[in-house]
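By convention in this document, chain letters (A, B, ...) are assigned in the order of the sequence lines, proteins followed by strands, and residues within each chain are numbered from 1. Computation of the quantities below employed the complete heavy-atom set of this structure, encompassing side-chain atoms and omitting hydrogens, waters and symmetry-equivalent molecules.
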Protein chains: 2
Amino acid sequence: MSLSHAILASLSDNTYSGYDLAKQFDGSVGFFWKATHQQIYRELRKLEEAKFINSQEIAQEGRPNKRVFSITETGKNHLRKWITEPTELSTTKEEILIKVFAGHLVPKTKLIQELEHQRYCHQERLTVYKGIEHQFVRDVNADSREVRYKYLTLRRGIRFEKEWIAWYEETINFLAELPED
Amino acid sequence: MSLSHAILASLSDNTYSGYDLAKQFDGSVGFFWKATHQQIYRELRKLEEAKFINSQEIAQEGRPNKRVFSITETGKNHLRKWITEPTELSTTKEEILIKVFAGHLVPKTKLIQELEHQRYCHQERLTVYKGIEHQFVRDVNADSREVRYKYLTLRRGIRFEKEWIAWYEETINFLAELPED
DNA sequence: CACTACATGTAATATGTTACATGATTGC
DNA sequence: GCAATCATGTAACATATTACATGTAGTG
């Protein structure tokens, strides 16, 4: 599974604690890979056993100590191998499409209501992404290789939110013009 | 979880055996919700316990008997309720974006190779969808409400494959112009 | 004084994957 | 005769989700 790869990818250019990673999985990498902190801590243990990462206890005043993880050369090679090996297309699971698929069961207006709710959520996410893009553009002068690659993933986020919104428009209009109901 | 909803949606306008459903989850609904036959059989047992569906043994000559499932009124209402209740955006898990995110670890050409592989897979899937669309267009004259709703999900499939391909183009070009490596 | 952020964990349950098992029919 | 399709299932294992647990520090 790829949670391990997502963690290794996060650690590929920086060190993080489990807590930091959980936050990353709530933004950044989290935009295309979700995980709870419980999953992350469990996976970190496995990755350390496999010698793909190692950890160091950092004492902190006031706050509880933290364990900071860094990727090993073995871990990097493992990631590199996976990146270059062809993988299948990731499978998507879209609840909204199940809803539309069985949409004939409910009054048209109710379905449209839910479609509008989802469209709104995508709109909000798009705004978040654009904000992040703004930051990126500033950094572009002093940009490192790493940053540019991350920017590409952000671009896909922006494009896809726009595409979702366009499909919602099309779908809502189509339904609005259906005579039934 | 929504596997149950996906099954109920499939049964919303027809009766199917577990085997039939497994096939549906390999095409049709399967384009936005994957499940293996084991998952499906397990879920069917639960749905029957909950009285959302009921089954009938159908004797067949030659072939093993099959149990055909149909949705109950309770099941339909359960689905209806879920459709109209607002749900969160579905989370996506995209391996290719993890690969791009950590792309700085490998030679640029290797990453491009994998991007091209993925783009090719999307291209193939788009061709499949367009073939299905062709069928739909023929049926549109004799079209039922159900068919039109299904068509909307297909439209999203087509739009999104096109969008993926466009992002791959953009990304591959961007990488090709990077000086490094 | 309640809430949020920091920091890590256990336990139970739900989902998903992989392998194995059975047995008939149809097509090459 | 061998593979594929029809049809359903068990068992073991891997992943993911939800709830609960613990304790400090800073903010309003």
Problem - side-chain N/O B/Ser17 vs D/dT8 OP1/OP2, d < 4.0 Å - result: yes

Completion exercise
Side-chain atoms of A/Lys23 come closest, of D/dC6, C/dC6, C/dG16, to C/dC6

Problem - A/Asn65 CG to D/dG23 P, straight-line distance once rounded to whole Å - result: 15 Å

Handout entry: Between D/dA7 (P) and B/Lys66 (NZ): distance, integer Å
Key = 5 Å

Handout entry: Salt bridge A/Arg119-A/Glu169, side-chain N to carboxylate O under 4.0 Å
Key = yes

Exercise for the section: Verify whether the ring centers belonging to A/Trp164 and A/Phe160 lie closer than 6.0 Å. Expected result: no

Handout entry: Side-chain donor/acceptor contact of A/Arg42 with base of D/dA14 under 3.5 Å
Key = no

Problem - Ionic contact status for A/Lys81 with A/Glu85, cut-off 4.0 Å - result: yes

Fill in the blank from the handout: Regarding the side chain of A/Arg45, the nearest nucleotide among C/dG9, D/dT17, C/dT18 is C/dG9

Practice task
Could you tell me whether the phosphate oxygens of D/dT15, OP1 or OP2, come under 4.0 Å of any side-chain nitrogen or oxygen in A/Gln39?
Solution key: no

Practice task
Round to the nearest Å and state the distance from A/Asp26 atom CG to C/dA5 atom P.
Solution key: 11 Å

Handout entry: Minimum-distance nucleotide (side-chain atoms of A/His37 versus D/dC6, C/dG9, D/dA16)
Key = C/dG9

Practice task
Would you mind reading off the distance between B/Glu48 atom CD and D/dG9 atom P, rounded to a whole angstrom?
Solution key: 10 Å

Exercise for the section: Just call it for B/Glu43: base, sugar-phosphate, or nothing, with non-hydrogen atoms closer than 4.0 Å on any strand. Expected result: nothing

Fill in the blank from the handout: Atom CG of B/Leu44 and atom P of C/dG16 are separated, to the nearest Å, by 14 Å

Exercise for the section: Establish, with yes or no, whether the OP1 or OP2 oxygen of D/dC6 is under 4.0 angstrom from a side-chain nitrogen or oxygen of B/Tyr19. Expected result: yes

Exercise for the section: Would you check if the distance from the ring center of A/Tyr151 to the ring center of B/Phe174 is below 6.0 Å? Expected result: no

Completion exercise
On DNA chain C, more 5' by nearest nucleotide between A/Tyr41 and A/Lys93 is A/Tyr41

Problem - Integer-rounded Å distance: C/dA7 C1' and A/Ile40 CD1 - result: 13 Å

Completion exercise
Quick note, B/Lys46 side chain, CB onward, closest among C/dT15, C/dT8, D/dA16 is C/dT15

Problem - Short N-O contact, A/Arg156 and B/Glu170, less than 4.0 angstrom - result: no

Exercise for the section: Nearest whole angstrom, please: distance from the C1' of D/dA16 to the CH2 of A/Trp33. Expected result: 12 Å

Completion exercise
Sorted by position of nearest nucleotide on DNA chain D, 5' first, the leading residue of B/Gly18 and A/Thr36 is B/Gly18

Exercise for the section: Can you figure out which of D/dT10, D/dT8, C/dG16 approaches the side chain of B/Gln38 most closely? Expected result: D/dT10

Fill in the blank from the handout: Atom CD of A/Glu88 and atom C1' of C/dT17 are separated, to the nearest Å, by 14 Å

